[in-house]
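What follows is a set of notes on a single structure, which appears directly below.
Not measured: the values here are computed from a predicted model.
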Amino acid sequence: MDVGARRYADGVTDTLSSAQARRIALAAQGFTRARPATVAARHLHRAMERLGVLQIDSVNVFARSHYMPFFSRLGAYDPALLDRVFLSRTTHYVEYLAHEATFIPVDDWPLWRFRMDRFRARWGEGSWAAENARTLQWVQDELRVRGPLRPADLRADAPRERGTWWDWDDVKLALEHLWRTGDVAISGRKGFERTYALAEQVIPDAVLAREIPRADAIRELVRRAARSSGVATQADLSDYYRIRDRGAVTQSIADLVDEGELLPVRVRGWERGGRPIAAWRHRDAVLPRRVDAAAILTPFDPVVWFRDRALRAFDLDYRIEIYVPAEKRRYGYYSLPVLVGDRIVARMDLKADRATSTLQVQSAWWEPQADPSADIAAIAPQVALAAVWQGLENVSVSGWGTAAPALHAALASTDASVRRHVHLRESVA
C-alpha cells in the first residue's frame, strides 16, 4: 500500500451503503428539494449553484440538453426564462469549456485561465494557429471595431479580395481558437447561433483582471466538484470539470482533506478488482432518509454524464446511440434516463413532433433495478408533464421496449389531473 493509499485508509471516517451514496449524490444535485409552484429566475440561479456548470448540446429531438436539468429538478417552466437568463447578453453567465461546452458563472472566468493557457501553449510554432495568424488577427480586429458578431456577419464581410489566404472554415476555426484561449467570449445566442465578442467586451473588467494561480484554481474546482457530487471518487472529481492533471487533483484532494472539507469514506459496492475505490464525502453533504424524486434526465445531466460513475453508483450502463445505425440501436436514437427515488429505473427515447403536437415515446425500457409495478405510477405523470412543458397536446407510446406496454396503460388510466392537458393517442405497434 503506497503512502497516499495508507493515508486514505487511516483517515476513513465512515462506511456508506451504495443506496446511501446515491441519496447523498442526489441531495447534492437538488433532487430532495420540493419543486416550486411557479419557476422564476431565482430558481434557475439556485439550481445552477448546485450544478456549477450547465452542459450545452445541440440535439433537439425532444429538448436541447441545457434546458433539461432545470426541468428535471424544478418541473415544467417556460423555456424562454432560460433564454433570458442564459442566452441573452447578460452579466450572470458565459460559455466556456468547463466540462464540454457549458454555461458557467461569469465571475468564474479567471478560474479557467489555466485551461486557456494550456490551449494557447498547445498551438505554438507549426500549429494551425501559427500558420493562420493573419486570419486570427483579422477576426480580432473586426470584433474590436464592430463589437459582437455572429459568424454569418463575418462571412458577409470577409476580405475575399485579399487573395487566397482567407477561407470561411478558417474563420470559424479562428473564432473557436480565440474562444478556447480566452481572447474571445460568447456574448449570447440568436436562436442557437453563437455571437462572439472580444473577452473585454463581455467579461467585466474586475473579473478579467483577476489572476488565480493554476494550483489554486484546480483546488477550487475540485472543491466545487465535491460539493456538487456529495460523495465521489477521484475519477468523479476529475471528470466533473474534465481536469486531466491527475497529480494536481490528488494534491487538491489532500489539501481539502487537511482543511476538513473532504472526509475519506468507503462505499460498499464501489470496488475495482475486489478492492474498495477511495472516495470522499463533502463535509456539507446531507444524507436524506429517502429521495422521493421522479424525473426524466438528459444523458448530460451531472448525475449521469460520467458513464463510469453512472454505472458504479446507479447501475446505469449507458451509451448514446445517435451515431449508431438505426437497425443496430438497442434503446433508441436519444434515450433519456428516468429517475424514481434514488434509482435509475428506465430509459425512454422521446421525440417532440411539432407538426402533430405530439410527444412521441419512441421506446421505453426498464432497467434491471426497476420495480415495474410500483415505478410506472411515478413515471407516467412525468411523461405527461414533459408534453405540457414542451407545449404538446398529445402523447403517443410505441410498442418498442420492455416498459412501453405498462407506460401506455398507465397514461391511459392515470387520473384526470395528469391528463387534463394532454391526450393519449393510440399506441404504435
Please determine if D245 and R214 form a salt bridge, counting it only when a charged side-chain N lies under 4.0 Å from a carboxylate O.
yes

Distance-only polar pair, side chains of D315 and Q369, donor-acceptor under 3.5 Å
no

Hits for ring pair (Phe, Tyr, Trp, His ring centres under 6.0 Å) against Y334, two or more places apart or cross-chain, chain-then-number order -> none

Go through the structure and list residues passing side chain to side chain contact (heavy atoms under 4.5 Å, CB included) with A47, not counting sequence neighbours.
F70

So, are R150 and E193 salt-bridged, with charged N and O less than 4.0 Å apart?
yes

Flag the pair T181 / D117 as yes when at least one side-chain heavy-atom distance between them is below 4.5 Å, and no otherwise.
no

Please report the interatomic distance OG1(T32) to CG(D292), rounded to the nearest 0.5 Å.
9.5 Å

Pairs flagged by ring-ring contact (aromatic ring centres under 6.0 Å, His included) wherever residues 282-324 is involved - sequence neighbours left out
H99-W305, Y240-W305

Working to the nearest 0.5 Å, report the span between CZ of F31 and CZ of R23.
16.0 Å

Looking at E95 and R189, does any basic side-chain N land under 4.0 Å from a carboxylate oxygen?
yes

With the threshold set at 4.0 Å, does a side-chain nitrogen-carboxylate oxygen contact exist between R266 and D14?
no

Any salt bridge linking D108 with R224? Criterion: basic side-chain nitrogen under 4.0 Å from a carboxylate oxygen.
yes

Closest approach of I296 and A386, non-hydrogen atoms and distance?
CD1-CB, 4.2 Å

Donor-acceptor pair, R210 side chain versus D107 backbone, under 3.5 Å?
yes

Nearest 0.5 Å, please: how far is CD in E200 from CG in L208?
6.5 Å

Side chain to side chain contact (heavy atoms under 4.5 Å, CB included) partners for A215, two or more places apart:
none

Got a salt bridge between K351 and D349, using NZ or NE/NH1/NH2 to carboxylate O under 4.0 Å?
no

For W365, check ring pair (Phe, Tyr, Trp, His ring centres under 6.0 Å) against everything at least two apart and list the hits.
Y331, W400

Of all residues at least two apart in sequence or in a different chain, which pass the side chain to side chain donor-acceptor pair (under 3.5 Å) check with R46?
none

Aromatic contact between F103 and F86, with the criterion being ring centroids under 6.0 Å apart: yes or no?
yes

For E367, all residues meeting salt bridge (Lys or Arg N to Asp or Glu O under 4.0 Å), sequence neighbours excluded
R347

When rounded to the nearest 0.5 angstrom, what distance separates OG in S357 from CG in L392?
5.0 Å

In terms of heavy-atom contacts, V304 and A310 come closest through O-CB, 3.8 Å

Do R180 and W112 form a cation-pi contact, if we require the NZ or CZ to be under 6.0 Å from the six-membered ring centre and within 45 degrees of the ring's axis?
no

How would you list, by chain and number, every residue that makes a side chain to side chain donor-acceptor pair (under 3.5 Å) with D83, sequence neighbours excluded?
Y67

More than 12 non-hydrogen atoms from neighbouring residues, nucleotides or ligands closer than 6.0 Å to CZ on R354, yes or no?
yes

To the nearest 0.5 Å, how far apart are OG in S65 and CD in Q55?
6.0 Å

Taking the side chain as C-beta and beyond, is there a heavy-atom pair between P36 and Y77 under 4.5 Å?
no

Measure the acute angle between the ring planes of H45 and H92, then classify it against the limits of 30° and 60° as parallel, tilted or perpendicular.
tilted

Note: M48 and L54 closest approach over all heavy atoms is CE-N, 3.7 Å

Do R73 and Q29 meet the criterion of a side-chain donor-acceptor pair at a distance under 3.5 Å?
yes

Which pairs count as salt bridge (Lys or Arg N to Asp or Glu O under 4.0 Å) when at least one residue sits in residues 379-388, sequence neighbours excluded?
none

Going by side chain to side chain donor-acceptor pair (under 3.5 Å), name the residues that satisfy it together with D236, two or more places apart in sequence or in a different chain.
T233, R309, R312

What verdict does the side chain to side chain contact (heavy atoms under 4.5 Å, CB included) test give for V12 and L263, after you've listed the backbone C-alpha separation in whole Å, the side-chain angles of each residue and the deciding distance to 0.1 Å?
CA-CA 7 Å; V12 169; L263 308 174; over 6 Å; no

Partner set under side chain to side chain donor-acceptor pair (under 3.5 Å) for D371, not counting sequence neighbours:
S373

For a salt bridge (Lys or Arg N to Asp or Glu O under 4.0 Å) check, start with the C-alpha distance between R194 and E176, then their side-chain angles and the critical distance, and finish with the verdict.
CA-CA 11 Å; R194 286 170 168 167; E176 289 297 298; 2.9 Å; yes

Compute whether any side-chain donor of one residue and acceptor of the other, for R219 and Q251, lie under 3.5 angstrom apart.
no

With sequence neighbours left out, the residues meeting ring pair (Phe, Tyr, Trp, His ring centres under 6.0 Å) with Y196 are none

